[in-house]
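Here is the naming used below: chain letters follow the sequence lines, and residue numbers restart at 1 for every chain.
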2 protein chains.
Amino acid sequence: MECSIARALDVVGDPWTLLIVRDALLGVTRFEAFQARLQIPRATLTARLEHLVDAGILERRAYREHPPREEYVPTAKGRGLRPVIITLMQWGDEFARDDPPPTHLEDAATGRPIEPTLVDRVSGAPLTALRVRAVGRVVPRRDE
Amino acid sequence: MECSIARALDVVGDPWTLLIVRDALLGVTRFEAFQARLQIPRATLTARLEHLVDAGILERRAYREHPPREEYVPTAKGRGLRPVIITLMQWGDEFARDDPPPTHLEDAATGRPIEPTLVDRVSGAPLTALRVRAVGRVVPRRDE
DNA sequence: ATCCATGCGTTCAATGATTGAACTAACTGT
DNA sequence: ACAGTTAGTTCAATCATTGAACGCATGGAT
């Protein structure tokens, strides 16, 4: 499919991948660490890491020869997924929560809590306020 | 898992679900329309729609008796996924593109193109500028 | 009345992915 | 010599996904 979302989901559209990327962005780099944190089956983890490296989201990097050991660190493309993960977390907090969220975001400098919002970069107006229209493969809208 | 992202991915973490939700947010409501647009196998579509209704993301609504016909419309929870889909689309455009993106966003009132960015709602500062820290299940960070 | 089209599914066998548990291999530190 | 660390592989069992075909209620045209 030619759509950007479909191409994104080709890479990221399974239950584990985004959890791995989230942990990677939090600083996790090693096989054992991912496995222990996520409780992901080892074979699945192997497959996912392979896939993420192939897709250019993680980079395999030797951190020791003898025995050869490698760690996985996010590339720029991987770091680009941070907004996706943040908005997904927000949605989970807002719509699929039953207890207070275990993780929140704060400014590393001031310590103030951060509430991420999507705005238009140019006008600064929140997307919820604008009536956004998707142009290209349009289908008539009905309600909101 | 107790994390918001994991709970979100429980619902939305497969290759099809977000594509269905995207189409639903564009105004697609009917089984045949989803199937034709996405080329999704019919059995899979049945399962996904069921799941989305159970999760409270789509709502089944009769649009005709005799024969009973139902359509699927997004709930508030479903509409809440829009930022997720937008950021995912942006990532796909920026990092997984080879041709110009087929869909872009514009203000429905003025027609001006929109560039969605994540900012802190309070300070207005873009998240890329702040050094955001995830608090809760912390792991020491290394590089960026 | 008969025939075709529409709309929303179900059924089926085949293929593919995911799972958990156990195993391997190459080291290292004590 | 021996336990421990690290990053996997292997295997059989289960589960999900796929494509193709079928079902069924109806409406409209001939």
Inset, instruction - Using the salt bridge (charged side-chain N to carboxylate O under 4.0 Å, His left out) rule, collect all pairs that involve residues 103-113 of chain B, keeping only residues at least two apart or in two chains. - result: Arg133(A)-Glu106(B)

Inset, instruction - Have a look at Ile20(A) and tell me which of Thr44(A), Val28(A), Ile57(A), Leu45(A) forms a side-chain contact (heavy atoms from CB on, under 4.5 Å) with it. - result: Leu45(A)

Inset, instruction - Take the protein atom CZ of Arg64(B) and the nucleotide atom C1' of dG27(D), then report the distance between them rounded to whole Å. - result: 8 Å

Legend entry - Start and end of chain B contact along DNA chain C [non-hydrogen atoms, under 4.0 Å]: dG7(C) to dT11(C)

Inset, instruction - Check if the side chain of Arg42(A) and the base of dA7(D) share a donor-acceptor pair of N or O atoms closer than 3.5 Å. - result: yes

Legend entry - 5'-most by nearest nucleotide on DNA chain D - His66(B) or Glu70(A): Glu70(A)

Inset, instruction - Indicate, with a heavy-atom threshold strictly under 4.0 Å, whether Ala47(A) touches base, sugar-phosphate, or nothing. - result: nothing

Legend entry - Sugar-phosphate, base or nothing in reach of Gln35(A), heavy atoms under 4.0 Å: nothing

Legend entry - Phe31(A) side-chain proximity, nearest of dT26(D), dG8(D), dT18(D): dG8(D)

Inset, instruction - Let me know which of Glu71(A), Arg61(A), Glu70(A) forms a side chain to side chain donor-acceptor pair (under 3.5 Å) with Thr29(A). - result: Glu71(A)

Legend entry - Nearest-Å distance for atom pair CD/C1', residues Glu50(B) and dA16(D): 15 Å

Inset, instruction - Taking the six-membered ring of Phe95(B) (Phe, Tyr or Trp), confirm whether the NZ or CZ of Arg7(A) is under 6.0 Å from its centre and within 45° of its axis. - result: no

Inset, instruction - Starting at atom CG of Leu45(B), determine the distance to atom P of dA16(D), rounded to an integer number of angstrom. - result: 17 Å

Inset, instruction - Between Ala43(B) and Pro68(A), just flag the one whose closest nucleotide in DNA chain C comes earlier from the 5' side. - result: Ala43(B)

Legend entry - Asp93(A) CG to His104(A) NE2 distance, which is reported to the nearest 0.5 Å: 11.0 Å

Inset, instruction - Compute both the distance and the angle, then confirm whether Arg42(A) meets the cation-pi test with Phe31(A): under 6.0 Å from the six-membered ring centre, within 45 degrees of the axis. - result: no

Inset, instruction - Tell me whether the OP1 or OP2 atom of dT6(D) has a side-chain N or O from Tyr72(A) closer than 4.0 Å. - result: no

Inset, instruction - Just call it for Tyr63(A): base, sugar-phosphate, or nothing, with non-hydrogen atoms closer than 4.0 Å on any strand. - result: sugar-phosphate

Inset, instruction - List, by chain and then residue number, the residues other than Val122(B) in its hydrophobic cluster (Ile/Leu/Val/Met/Phe/Trp/Tyr, side-chain heavy atoms under 4.5 Å); write none if there are no others. - result: none

